[in-house]
Amino acid sequence: MADTPKKIVLAYSGGLDTSIILKWLQMELGAEVVVFTADLGQGEELEPARQKAVDLGVKEIFVEDLREEFVRDYVFPMFRANTVYEGRYLLGTAIARPLIAKRQIEIARLTGADAVCHGATGKGNDQIRFELAYLALDPEIKIVAPWRQWEFGSRTDLIAYAEQQGIAVPEDKRGEAPFSVDANLLHTSSEGKALEDPAIEAPEFVYQRTVRPEDAPDTPQIITIGFEKGDPVSIDGENLSPASLLTRLNELGGKHGIGRLDLLENRFIGMKSRGIYETPGGTILLSAHRGIEEITLDGGAAHLKDELMPRYAELIYNGFWFSPEREMLQAAIDASQAMVSGEVRVKLYKGLASIIGRTSPNSLYSLEHVTFEDDVVYDQKDADGFIELTALRLRLLAGRDRSAGKNS
Ligand code: ARG
């Protein structure tokens, strides 16, 4: 087959599933495999992944720490828009996929590979996100999606194949996995199996990086987050790199039980699914970013951002990070952030991140105008004409309806 890939860059976690995929690419497709493992802050050692790849005969292995790039170029730009999908999901998985895909394509170029491969199943959003990104960045690239191609019908078949190929199967992976997890510096997401009945509360053992709000400290903790042009730059006066800042917020949020979410969402592919999310640092950041915008953003700009946000969130959720429409929206969002600098004080307490104060050198808040005391800048009589004209069409309408006998 002319189409058979010869050299494939695999997004490899080092776990059982991607190890099986690696072997399958070598054995069934007869391809040479290049392995790419990214540290996105999933909190796992990456050296064992490298060793496993070596053991599986892989010659070209890329293990890269992408945490700073991930937070600086993906997470922070998304937070400038106060982005949430379907009102609540902070998109922790969706925002990581474009970066992994971009790097896979770059590595394909570096190594002369003609194909890329991911380990996402045929039912989810991630396959779409990976593949739209691959094709947006390289229209000729070949894509291998083993979950949609191989014959294994069950987990048992998969384990049998692993054993037959000499891949070590850890004892706890022999049975059905209790649920599927995806983690990075922004969130941990858990789906499937024990969580599949949306009527039943998720068991506590599902949560991996936050305490139960009821078990969080009884004393609140107050922190100050500094912003420059829409991005957080410091905590309590200490300047921090993007990844270290988010790491710090994750520790604080986790300790105070902040950022847990149980969501039944609509997948792009058409079905509904139930997920448990933990986004401790991101949840604090979302609140704080809104706080700094409250004092620095013009009302018209702020309301337009809020209108654009659901569309922007859907583009990221559906895998259109590398698309002209996402870039157009990003340009508008970024332009709005020029004056979004200053400090926000946030109180962390039993699952909540509440804004309790904000200051900015670019403040639009005018005490002179809003004060209940006497002022010299504002004439209250002007409000007469404002209301008179604003009500004009409502009065004309009411007059017409009254004479037509409506509502009587
Ligand atoms: N439903 C989430 C999304 O589409 C998370 C998907 C991956 N999570 C997982 N546990 N496999 O962004």
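Owing to the predicted nature of the structure, the values given are computational and were not obtained by experimental measurement. Order of listing sets the numbers, starting from 1, for every ligand and every atom in it.
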Starting from atom 7 (C) of ligand 1, which protein heavy atom do you reach first, and at what distance in Å?
Asp126 OD2, 3.6 Å
Are Tyr161 and Trp24 an aromatic pair, judged by ring center distance below 6.0 Å?
no
With a cut-off of 4.0 Å, which atoms of ligand 1 are near a heavy atom of Tyr277?
1 (N), 2 (C), 5 (C)
Within the 6.0 Å centroid threshold, strictly below: Phe36 and Phe62:
no
Could you tell me the residue and atom name of the protein heavy atom closest to atom 6 (C) of ligand 1, and the distance to it rounded to 0.1 Å?
Glu191 OE2, 3.5 Å
What residue and atom, counting heavy atoms only, is the protein's closest point to atom 10 (N) of ligand 1, and at what distance?
Ser180 O, 2.9 Å
List every atom of ligand 1 that sits less than 4.0 Å from any heavy atom of Val181, numbering the atoms from 1 in the order shown and giving each element.
10 (N)
Cation-pi check for Tyr134 against Arg129: NZ or CZ below 6.0 Å from the six-membered ring centre and within 45 degrees of the axis, yes or no?
no
May I ask you to say whether Arg72 pairs ionically with Glu69, meaning some side-chain N is under 4.0 Å from a carboxylate O?
no
When you look for heavy atoms under 4.0 Å from ligand 1, do you find them on the side chain of Arg129, its backbone, both, or neither?
side chain
Strictly under 6.0 Å, is that where the ring centroids of Tyr277 and His187 end up?
yes
Protein contact to atom 8 (N) of ligand 1 [nearest heavy atom, distance to 0.1 Å]
Ser189 OG, 2.8 Å
Yes or no: does Glu265 have any heavy atom under 4.0 Å from an atom of ligand 1?
yes
Please work out which of the three classes, parallel, tilted or perpendicular, describes the rings of Tyr378 and His369, given edges at 30° and 60°.
perpendicular
Tell me which protein heavy atom sits closest to atom 4 (O) of ligand 1, plus the residue, atom name and distance to 0.1 Å.
Asn125 ND2, 2.8 Å
For atom 12 (O) of ligand 1, what is the closest protein heavy atom, and at what distance to 0.1 Å?
Tyr89 OH, 2.6 Å
Whether Lys142 and Asp114 form a salt bridge (side-chain N of Lys/Arg under 4.0 Å from carboxylate O of Asp/Glu) is what I want to check.
yes
